[in-house]
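Below you'll find the structure, written out as structure tokens, and then a few comments.
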Amino acid sequence: MTLIVQKYGGTSVGTVERIQNVAARVKKHRDRGEDVVVVVSAMSGETNRLIGLAGEISGTPSAREMDVLVSTGEQVTIALLCLALHEIGCDARSYTGAQVHILTDSAHSKARIMDIDHARVCADIKAGRVVVVAGFQGVDEKGDITTLGRGGSDTTAVAMAAALKADECQIFTDVDGVYTTDPRVEPKARKLDRITFEEMLEMASLGSKVLQIRSVEFAGKYNVPLRVLSSFEEGGEGTLITLEEDGVEAAKIAGIAFNRDEAKLTIRGVPDQPGVAYKILGPIGEANVEVDMIVQNIANDGTTDFTFTVNRTDYAKAMGILQKESAELGAREVVGDDKIVKISLVGVGMRSHAGIASKMFEALSKEGINIQMISTSEIKISVVVDQKYLELGVRSLHEAFDLAEESVT
Ligand code: ADP
Ligand code: ASP
Ligand code: MG
């Protein structure tokens, strides 16, 4: 018998009517004889609302209590969906993460799933029930509630699919698949029928929030067939995330990702000596601030300028650390900018095609967009630009690489 895991995101369960629509869709699969496990997010806006409430009480809330708080959103939707399923004659049971033993480490707000005890789920499936599991949450060895990071319901779904060896994990959302770029920024973006795990992983890690990065990692590692589909349209094939060998379209560029949550810091005029990079970044790492791009330029006066990017939420913290270090390092000055964004081109075809970078830089220069930093890997090129150029930059690259047209690049 076919077993599918379906995940419905916040907008898809955002109202009672939408929850009833989800129930109807699930029932259709049951009527076709498929076994269905459903993972749901909180109603759209609910997780932000809960975070806001905590913020009214505390500027430094306990991570443990935050997880107890934000996990409640998903407990509401699992119960409502089961009620909607019962109303249309579909046997269903809801479970929190703890009830199905989604065991995680204890890193509150960014916990990793270590194990799932699926015995209870399997028993329900055998008994002919739809199982509805709360996304985004787990439980650690002490029995404390944990959450998996924003967008974490995707990861719950993939982990359930891996544990149950499901035939497919279907991520239902408010777009009908993965596009060449966020259709909210470029309306001409084209839906991809397929994208490789590798490309999807890059797109997700470079800012495309259509799938949480860990869900893609998990799906790649455990070989879970993963598909992104619309919960508002019927009958579409969505986008299949595949292994490269599966004959994925041979386009050079799969898509354009961008990240608005960036900030950069520069320490200027540091004496150029061994150990400088370590002395600058050591304390930043110790403060749990993740560093992304790094650029170092040596001047001919024996000093170096050192620039790196961090998440915008860590900007003030990183600036404080750098300013403290600067005197000790004998630096000339510390400057920063938290109004920058990162735009990235992603595609496995880049490996075998030269000239992509220069074409990218040409397109940006034609629009008068100044590139502040560049970084590359085998399958991506990223640039940092002023945030006011985000939309223009994405659209001009989309045009330059003919992404609106099928496999032309
Ligand atoms: P959900 O609440 O269902 O998890 P998300 O908001 O997390 O939905 O993800 C869907 C959104 O991701 C879309 O509305 C779209 O704006 C955004 N998005 C960003 N990049 C892409 C892309 N390349 N393809 C499709 N959607 C994208
Ligand atoms: N409700 C959580 C969030 O808003 C998890 C999710 O939607 O996947 O991040
Ligand atoms: Mg999401």
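Computed from a predicted model, the values in this text were never measured in an experiment. No hydrogens, no waters, no symmetry mates; every other heavy atom, side chains included, goes into these values. Counting starts at 1 for both ligands and their atoms, in listed order.
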Could you tell me if [Y] and [X] have a donor-acceptor pair between their side chains, going purely by distance under 3.5 Å?
{"X": "Thr104", "Y": "Thr146", "result": "yes"}
{"X": "Asn48", "Y": "Arg150", "result": "yes"}
{"X": "Gln212", "Y": "Thr155", "result": "yes"}

Q) Given the rule in the salt bridge (Lys or Arg N to Asp or Glu O under 4.0 Å) test, do Asp67 and Lys110 qualify, once you have shown the distances and angles that lead to the verdict? A) CA-CA 10 Å; Asp67 277 354; Lys110 46 177 182 284; over 6 Å; no

One thing to verify: whether [Y] and [X] come together as a salt bridge, which I'm taking to mean a side-chain N less than 4.0 angstrom from a carboxylate O.
{"X": "Arg112", "Y": "Asp105", "result": "no"}
{"X": "Lys28", "Y": "Glu234", "result": "yes"}
{"X": "Asp176", "Y": "Lys191", "result": "no"}
{"X": "Lys366", "Y": "Glu362", "result": "yes"}

Q: Return yes when Gly73 approaches ligand 2 closer than 4.0 angstrom through a heavy atom, no otherwise.
A: no

Within the structure, does [X] bring an N/O atom to less than 3.5 angstrom of an N/O atom in ligand 1?
{"X": "Thr180", "answer": "no"}
{"X": "Asp154", "answer": "no"}
{"X": "Asp174", "answer": "yes"}

Q: Run the numbers for me: atoms of ligand 2, each under 4.0 Å from some heavy atom of Arg150, listed by number.
A: 3 (C), 4 (O), 9 (O)

Q) Does Lys191 reach ligand 1, in the sense of a heavy atom lying below 4.0 Å from it? A) no

(Q) Under 4.0 Å, counting heavy atoms only: does Ser44 come that close to any atom of ligand 1? (A)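 Ser44: no contact with ligand 1 (<4.0 Å).
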
Q) Distance under 6.0 Å and angle within 45° of the ring axis: does Lys342 meet both against Phe258? A) no

If you have a sec, work out which protein heavy atom is nearest [atom] and how many Å separate them, to one decimal?
{"atom": "atom 7 (O) of ligand 2", "answer": "Ser41 OG, 3.1 Å"}
{"atom": "atom 7 (O) of ligand 1", "answer": "Lys209 O, 3.4 Å"}
{"atom": "atom 27 (C) of ligand 1", "answer": "Val210 CB, 3.6 Å"}
{"atom": "atom 14 (O) of ligand 1", "answer": "Arg184 NH2, 2.6 Å"}
{"atom": "atom 4 (O) of ligand 1", "answer": "Lys7 NZ, 3.0 Å"}

Q. Side chains of Ser377 and Glu202: closer than 4.5 Å at any heavy-atom pair?
A.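 Heavy-atom side-chain distance check passes, below 4.5 Å.
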
(Q) Could you check whether any side-chain heavy atom of Phe172 comes within less than 4.5 Å of a side-chain heavy atom of Gln6, counting everything from C-beta outward? (A) yes

Q) Quick one: does ligand 1 sit under 4.0 Å from the side chain of Thr181, the backbone, both or neither, non-hydrogen atoms only? A) backbone

**Q.** Options Val346, Thr173, Asp182, ranked by nearest heavy atom to atom 19 (C) of ligand 1, top entry
**A.**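 Ranked by closest heavy atom to atom 19 (C) of ligand 1, first place is Asp182.
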
Q: Could you tell me which atoms of ligand 1, counted from 1 in the order shown, lie closer than 4.0 angstrom to a heavy atom of Val178?
A: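 Within the 4.0 Å cut-off of Val178, ligand 1 contributes 24 (N).
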
Q. Considering only heavy atoms of Gly10, which atoms of ligand 1 have at least one such atom less than 4.0 Å away?
A. 2 (O)

Q) Hey, is CD on Gln75 packed in by over 12 heavy atoms from elsewhere, all under 6.0 Å? A) no

(Q) Is it true that, when you exclude Glu65 itself, more than 12 heavy atoms of the residues, nucleotides or ligands shown sit nearer than 6.0 Å to its CD? (A)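 Correct, the count exceeds 12.
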
Q) Heavy-atom distance from atom 24 (N) of ligand 1 to the protein below 4.0 Å? A)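 Yes, because at least one protein heavy atom sits under 4.0 Å from atom 24 (N) of ligand 1.
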
Considering distance alone, does some N or O of [X] sit under 3.5 Å from an N or O of ligand 2?
{"X": "Gly151", "result": "yes"}
{"X": "Ser153", "result": "yes"}
{"X": "Asp154", "result": "no"}

(Q) Residue-level breakdown please: for Glu74 versus ligand 2, do any non-hydrogen atoms fall below 4.0 Å on the side chain, on the backbone, on both, or on neither? (A) side chain

